[in-house]
Amino acid sequence: NGNEFSPKLKPGEQIVVSATGFDANGNETATVEFVLASGSQTTKEWTLWDLSPLGSVVKGRFNILGGHSDDYGMTTPKYFAIDNIQFAWEEVVEV
């Protein structure tokens with residue numbers, strides 16, 4: 001709804017969370033995005049976000065972008081929750 005510090009989103013404005021994967025050598029594998037809010041529509045319930053396009057990773061980085069900003073950065077509250085993450089391990093055997 002907005003407030004004195006951060007006005008509500010205008011039509012077409014979005015708040016997006018991105019996830020970037022990194023392999024064992026520190027190289028980026030891929031980045032996938034999830035739209036948390038767009039205009040007056042916001043994500044209000046648990047929603048599946050498939051991170052498998054990141055591939056085989058050893059590290060992940062999350063970032064939130066969009067919304068209103070001022071000289072100090074994004075004024076829209078930046079938070080999201082993650083639950084029920086499923087990991088799969090592969091055994092690597094060096095010969």
Side-chain angles (χ1 to χ4, degrees):
N1 294 328
N3 60 35
E4 68 220 55
F5 302 106
S6 181
K8 69 181 190 174
L9 293 177
K10 297 176 184 166
E13 281 188 312
Q14 292 185 326
I15 296 176
V16 177
V17 61
S18 66
T20 302
F22 295 88
D23 66 18
N25 295 319
N27 300 311
E28 279 190 26
T29 58
T31 298
V32 293
E33 295 183 339
F34 182 83
V35 177
L36 291 174
S38 181
S40 63
Q41 303 295 314
T42 59
T43 303
K44 296 180 181 178
E45 56 190 50
W46 288 108
T47 306
L48 179 65
W49 184 18
D50 182 8
L51 299 179
S52 64
L54 299 181
S56 182
V57 299
V58 296
K59 179 173 93 173
R61 178 182 65 208
F62 293 88
N63 193 22
I64 299 179
L65 301 168
H68 182 264
S69 295
D70 63 15
D71 292 340
Y72 300 100
M74 186 176 177
T75 62
T76 308
K78 293 171 45 165
Y79 60 91
F80 65 97
I82 299 176
D83 190 16
N84 199 24
I85 296 178
Q86 298 178 6
F87 296 94
W89 281 269
E90 292 181 20
E91 184 176 349
V92 177
V93 179
E94 294 185 27
V95 201

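Fair warning: this is a prediction, and the values are worked out from it, not measured in the lab. Computed over heavy atoms, backbone and side chain alike; hydrogens, waters and symmetry mates excluded.
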Item to complete: Check the hydrophobic clustering (I, L, V, M, F, W, Y; side-chain heavy atoms under 4.5 Å; chains of links allowed) and say if Leu36 and Ile85 are grouped together.
Response: yes
Worksheet item: Could you go step by step and tell me if Trp49 and Thr47 meet the side-chain contact (heavy atoms from CB on, under 4.5 Å) rule?
Response: CA-CA 6 Å; Trp49 184 18; Thr47 306; over 6 Å; no
Worksheet item: Looking only at heavy atoms, what is the nearest atom pair of Phe22 and Glu28, with distance?
Response: CE2-CG, 3.3 Å
Response to the item:
d(Asn3 CG, Lys8 NZ) to nearest 0.5 Å is 12.5 Å
Fill in: Shortest non-hydrogen contact from Leu51 toward Ala19
CD2-CB, 3.9 Å
Discussion item. Please find the pair of heavy atoms, one from Phe34 and one from Leu48, that lie closest to each other, and give the distance.
Written reply: CE1-O, 4.5 Å
Discussion item. For a quick test of reading the model, state the closest non-hydrogen atom pair linking Ser56 to Thr29 and the distance between them.
Written reply: O-CG2, 3.9 Å
Worksheet item: Do you know the tightest heavy-atom contact between His68 and Thr76?
Response: N-OG1, 3.4 Å
Worksheet entry | For Leu54, the option from Val32, Thr31, Asp23, Thr20 that meets side-chain contact (heavy atoms from CB on, under 4.5 Å) | Val32
Worksheet item: With no hydrogens and no angle check, is any side-chain donor or acceptor of Glu13 less than 3.5 Å from a backbone partner on Lys10?
Response: yes
Worksheet item: Between Phe80 and Phe62, how do the two ring planes meet: parallel, tilted or perpendicular, split at 30° and 60°?
Response: tilted
Discussion item. How long is the straight-line distance from CD of Glu33 back to CG of Asn63, given to the nearest 0.5 Å?
Written reply: 10.0 Å
Practice prompt. Grab the two heavy atoms, one from Ala37 and one from Thr42, that are nearest each other, plus how far apart they are.
Written response: CB-CG2, 3.8 Å
Item to complete: Indicate if Ile82 and Ile15 have the same hydrophobic cluster label, given that clusters are the connected sets of ILVMFWY residues with side-chain heavy-atom separations under 4.5 angstrom.
Response: yes
